Amino acid sequence: MIVCVAVVGHQNNPLYIQSFTEADDALKLHHIVHCSLDVVDERVNNPKKSGLTLNETFLGLLYPTENYKVYGYLTNTKVKFILVTTDLDVRDADVRNFFRRFHAAYVDAVSNPFHVPGKKITSRTLAERVSNIVKSFGLSSAG
């Protein structure tokens, strides 16, 4: 089950964070997302150690914790997508598909002429699309 998704700008500023759990877990999830940025920076700055190719946007499993697994994705503009899940047996193909759909929703949201680049994304349409993507991810990984 996906518990949190986040969009982080190229200067590590949070642009969008949505959690799908109780409010008391929100702070812990924000901390997990923030800590994952160090792993993203390490993988991006040292591609030989992490085995990434230069055109690879899917960063894979960033790190597992006791209760969560954290996955990352990097756009061409250095915007980072973070996915936090409680599922321990998630397939990379499912996560790649999630990030592909999430990236499309993000592009639609920032293509709005009223959106100011680098500012928080407050689009209700994006929140609804992300919720639908998260719901469909739960169904596809269960079946």
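Note that the numbering runs from 1 along the sequence shown for the chain. Keep in mind the model is a prediction, meaning the values are calculated, not measured. What's counted below: heavy atoms across the whole structure, side chains too, no hydrogens, waters or symmetry copies.
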Path from [X] to [Y] over hydrophobic side-chain contacts below 4.5 Å:
X: F137; Y: L88; answer: no
X: V130; Y: V79; answer: yes
X: L15; Y: I17; answer: no

If I compare all heavy atoms of [X] with all of [Y], which pair ends up nearest, and what's the gap?
X: V8; Y: V33; answer: CG2-CG1, 4.3 Å
X: Y68; Y: D25; answer: OH-OD2, 4.4 Å
X: C4; Y: L29; answer: CB-CD1, 4.0 Å
X: L59; Y: R43; answer: O-NH1, 2.5 Å
X: G72; Y: I82; answer: CA-CD1, 4.5 Å
X: L83; Y: F98; answer: CD1-CE2, 3.8 Å

Hey, does [Y] have a side-chain heavy atom less than 4.5 Å from the side chain of [X]?
X: T75; Y: T57; answer: no
X: D92; Y: D94; answer: no
X: F99; Y: L74; answer: no
X: I2; Y: V84; answer: no

Only pairs under 3.5 Å count here: list side-chain donor-acceptor contacts from residues 116-126, not counting sequence neighbours, and write none if there are none.
from: S123; atom 1: OG; to: T125; atom 2: N; distance (Å): 3.3
from: S123; atom 1: OG; to: L126; atom 2: N; distance (Å): 3.1

Hey, could you give me each pair passing ring-ring contact (aromatic ring centres under 6.0 Å, His included) that has a residue in residues 14-46? Not counting sequence neighbours. none

For N67, what residues pass the side chain to side chain contact (heavy atoms under 4.5 Å, CB included) criterion, not counting sequence neighbours? none

Yes or no on side chain to side chain contact (heavy atoms under 4.5 Å, CB included) for T85 and Y71, after CA distance, side-chain angles and deciding distance? CA-CA 8 Å; T85 180; Y71 292 88; 3.8 Å; yes

Under 3.5 Å, side chain of R96 to main-chain N/O of F58, donor-acceptor pair present? no

Can any side-chain N or O of T86 pair as donor or acceptor with the backbone N or O of M1 at less than 3.5 Å? yes

Please round to the nearest 0.5 Å and tell me the distance separating atom [atom1] of [X] and atom [atom2] of [Y].
X: L27; Y: S19; atom1: CG; atom2: OG; result: 10.5 Å
X: I133; Y: E128; atom1: CD1; atom2: CD; result: 12.0 Å
X: C35; Y: L62; atom1: SG; atom2: CG; result: 11.5 Å

Per the salt bridge (charged side-chain N to carboxylate O under 4.0 Å, His left out) rule, what does the pair list look like for residues 61-81, sequence neighbours excluded? none

List in chain and number order the residues that pass side-chain hydrogen bond (donor to acceptor under 3.5 Å, both in side chains) with T21, two or more places apart in sequence or in another chain; answer none if no residue qualifies. none

Scan for side-chain hydrogen bond (donor to acceptor under 3.5 Å, both in side chains) pairs involving residues 99-112, sequence neighbours excluded, and state none if there are none. Y73-H103, N97-R100, R101-S136, D108-R129

